[in-house]
2 protein chains.
Amino acid sequence: MNQLLQNLSIQLNEKIYLKNPSSSDLGNRIVSESVLMIDELGLEQFNFKKLATRLNTAESSIYRYFDNKHKLLIYHVSWFWTWMEYRLVFSTANVHDPYEKLRLALENIASPIEGFEKVAGINMHALERIIVNESSKAFLTKEVEQENKDGFFRAYKSFCHRIEGFIKQIDPSYPYANALVSTTVDGIQMQKFYAEHLPALTDFTHREEKIPQMFYRLIIQSLAS
Amino acid sequence: MNQLLQNLSIQLNEKIYLKNPSSSDLGNRIVSESVLMIDELGLEQFNFKKLATRLNTAESSIYRYFDNKHKLLIYHVSWFWTWMEYRLVFSTANVHDPYEKLRLALENIASPIEGFEKVAGINMHALERIIVNESSKAFLTKEVEQENKDGFFRAYKSFCHRIEGFIKQIDPSYPYANALVSTTVDGIQMQKFYAEHLPALTDFTHREEKIPQMFYRLIIQSLAS
DNA sequence: TTGTTTTCGATAGTATTACTATCAATTTTG
DNA sequence: CAAAATTGATAGTAATACTATCGAAAACAA
């Protein structure tokens, strides 16, 4: 499976980029190297000039692929959730019990790397940290509604929708399935951040394995009523 | 009560500002007007030059109060959660049932304005939107650990800690009380954002009253086990 | 293999942002 | 009334976020 997915090419909404970065060597290097740099510097300190220097290319060449760093972030976030949805579909393909599918989904969200250190040249540990630290900045903007119309958040919504399906299988009458899923997916990311940086706001320590258990229990108990 | 709280002056961690904005007319105008401007423009488009123009003052005068707009955001966020904790203490003062205290807390978080349109010159509707749209940017930075040591997030942690107390009263053995509270408080903000901008990720529509009910049920069922 | 198109790197330039420094005028305070 | 603090105005710097142009190199098509 790992081998199979090494060759996977993820196609994203064309409006996110100016020129498809997976169509050229430079494009692929922009994507994989920017993941490392955004992780290292944080989104605020990262810019195209620094990336160009590191790639031994010109700033203007990077602008040929992406309008700005905001769009590049949206590219990374979309790529991640598209990948996560593939992963979820594969890992739940032969599972019929919706409780077990839900449990697997939460494990995947809490530990998205397990066995996939590098996918299509991307350092997945760095990308996971970008999702935790930076991804909410992709939609907490004044442009969110226009960008939503342009389909920039399709990947995340599609991933959540799939988990919503598991919940509807468990309890078709639960009235807040969408909210429960987005709260859970966002909440798991947040608990990872708190575990690392603001421990007073969580009960999980650094590299704690219990996050999916907490959320699984939370969901099941609320549905089981 | 409303009248009583009009005269309330909230004192915050002195490291957040260079000169206490509540000590002068200009300082108070910087605070109250920046709430309106950040709400209108979004944090990215907001800057001290635009604020200075609107206040008919010099950019350099604003820099005498705050290092930069990041610190000003931290000021607003700290002020909000300090205010919310006051409010929570007042509204639960004569309530002894921890379930009812929790229920009131969730109502307060979901509808923090109710009867307090303006507090100490601050437009609370605008401030609430800033909390929803911008507050996570205050800590999703590379400087989070240093700023945490400097006490910049004390107000939020203190607010969460108080709700954790209610949960511990209901079920002292629940192992994830901190995580449950931060997930809930963050989650309620997120659902408000989704209701407004990304409806596919929530079940609540614009100005929906059911958000606290969903979270109350979620918490109670997980504790009641 | 030659001509055409695409891609890339290099350079230059602009407007805006995020500050810092200085100084005189005004206001507050002791 | 004198001293101290505060403010407003101006100027300036370094970095950021782009945009435009152009020639060389690479890819590709006939």
Side-chain angles (χ1 to χ4, degrees), chain A residues 14-34 37-38 40-76 121 134 137-138 141-143 146-147 152, chain B residues 14-34 37-38 40-76 121 134 137-138 141-143 146-147 152:
Chain A
E14 296 189 359
K15 287 193 178 177
I16 296 174
Y17 48 77
L18 294 168
K19 185 190 305 193
N20 193 337
S22 68
S23 71
S24 75
D25 178 58
L26 179 62
N28 284 307
R29 286 164 61 225
I30 288 171
V31 169
S32 62
E33 202 66 24
S34 66
M37 283 192 88
I38 294 171
E40 283 165 26
L41 303 176
L43 190 67
E44 287 72 26
Q45 297 307 309
F46 167 83
N47 63 45
F48 281 3
K49 192 175 187 186
K50 291 173 183 171
L51 179 59
T53 304
R54 185 128 133 203
L55 290 172
N56 279 321
T57 185
E59 207 183 337
S60 55
S61 298
I62 298 172
Y63 278 105
R64 287 192 185 103
Y65 287 87
F66 293 99
D67 269 319
N68 48 50
K69 72 176 172 183
H70 172 69
K71 291 277 185 70
L72 177 56
L73 175 65
I74 287 179
Y75 184 92
H76 290 319
E134 320 288 357
K137 298 170 193 169
T141 71
K142 285 285 169 185
E143 296 77 35
Q146 182 56 53
E147 294 186 345
F152 288 7
Chain B
E14 296 189 359
K15 287 192 177 175
I16 297 174
Y17 48 78
L18 295 168
K19 184 191 304 195
N20 193 336
S22 67
S23 71
S24 75
D25 178 59
L26 179 62
N28 283 306
R29 286 165 59 222
I30 288 170
V31 170
S32 62
E33 201 68 24
S34 66
M37 283 192 85
I38 295 171
E40 283 166 27
L41 303 176
L43 190 67
E44 288 71 26
Q45 298 307 310
F46 167 81
N47 64 44
F48 282 1
K49 192 175 186 184
K50 290 174 184 170
L51 179 58
T53 302
R54 185 128 131 200
L55 290 172
N56 278 320
T57 186
E59 207 183 337
S60 56
S61 298
I62 298 172
Y63 278 105
R64 288 190 186 104
Y65 287 87
F66 293 100
D67 269 320
N68 48 51
K69 72 177 173 184
H70 173 68
K71 291 276 186 72
L72 177 56
L73 175 64
I74 288 180
Y75 184 92
H76 289 318
E134 318 289 357
K137 298 169 192 169
T141 71
K142 285 285 171 187
E143 295 77 33
Q146 182 56 52
E147 295 187 344
F152 288 7

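All chains are named by letter (A, B, ...) in the order of the sequence lines, taking the proteins before the strands, and each is independently numbered beginning at 1.
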Quick one: what's the B/S/- string for nucleotides 7-25 of chain C, heavy-atom cutoff under 4.0 Å, read 5' to 3'? SBBBB-----SSBBB----
By ring-ring contact (aromatic ring centres under 6.0 Å, His included) - contacts of Y75(A) (at least two apart): F66(A)
Residues 42-52 of chain A vs salt bridge (charged side-chain N to carboxylate O under 4.0 Å, His left out), sequence neighbours excluded, gives E44(A)-K137(A)
Could you give the CG-to-P distance, from L43(A) to dT16(D), as a whole number of Å? 13 Å
Using the C1' atoms of five pairs at each end, what's the angle between the two axes of the helix from dT1(C)-dA30(D) to dG30(C)-dC1(D), to 10 degrees? 30°
Which residues pass the salt bridge (Lys or Arg N to Asp or Glu O under 4.0 Å) test with K19(B), not counting sequence neighbours? none
Test side-chain hydrogen bond (donor to acceptor under 3.5 Å, both in side chains) on H70(B) and T141(B) and set out the steps. CA-CA 10 Å; H70(B) 173 68; T141(B) 71; 5.0 Å; no
Sequence neighbours excluded, every pair satisfying salt bridge (charged side-chain N to carboxylate O under 4.0 Å, His left out) that has a member inside residues 58-72 of chain A: D67(A)-K71(A)
Among residues at least two apart in sequence or on other chains, which ones pass side chain to side chain donor-acceptor pair (under 3.5 Å) with E14(A)? none
Solution key, residues 21-33 of chain B side-chain donor-acceptor pairs under 3.5 Å, sequence neighbours excluded:
from: S22(B); atom 1: OG; to: N20(B); atom 2: OD1; distance (Å): 2.9
from: S23(B); atom 1: OG; to: N20(B); atom 2: O; distance (Å): 2.6
from: S24(B); atom 1: OG; to: G27(B); atom 2: N; distance (Å): 3.0
from: S24(B); atom 1: OG; to: Y65(B); atom 2: OH; distance (Å): 2.5
from: N28(B); atom 1: ND2; to: S24(B); atom 2: O; distance (Å): 3.0
from: R29(B); atom 1: NH2; to: L55(B); atom 2: O; distance (Å): 2.7
from: S32(B); atom 1: OG; to: N28(B); atom 2: O; distance (Å): 3.2
from: E33(B); atom 1: OE2; to: R54(B); atom 2: NE; distance (Å): 2.8
from: E33(B); atom 1: OE2; to: R54(B); atom 2: NH2; distance (Å): 3.4

Identify, with sequence neighbours excluded, every residue that meets ring-ring contact (aromatic ring centres under 6.0 Å, His included) alongside F152(A). none
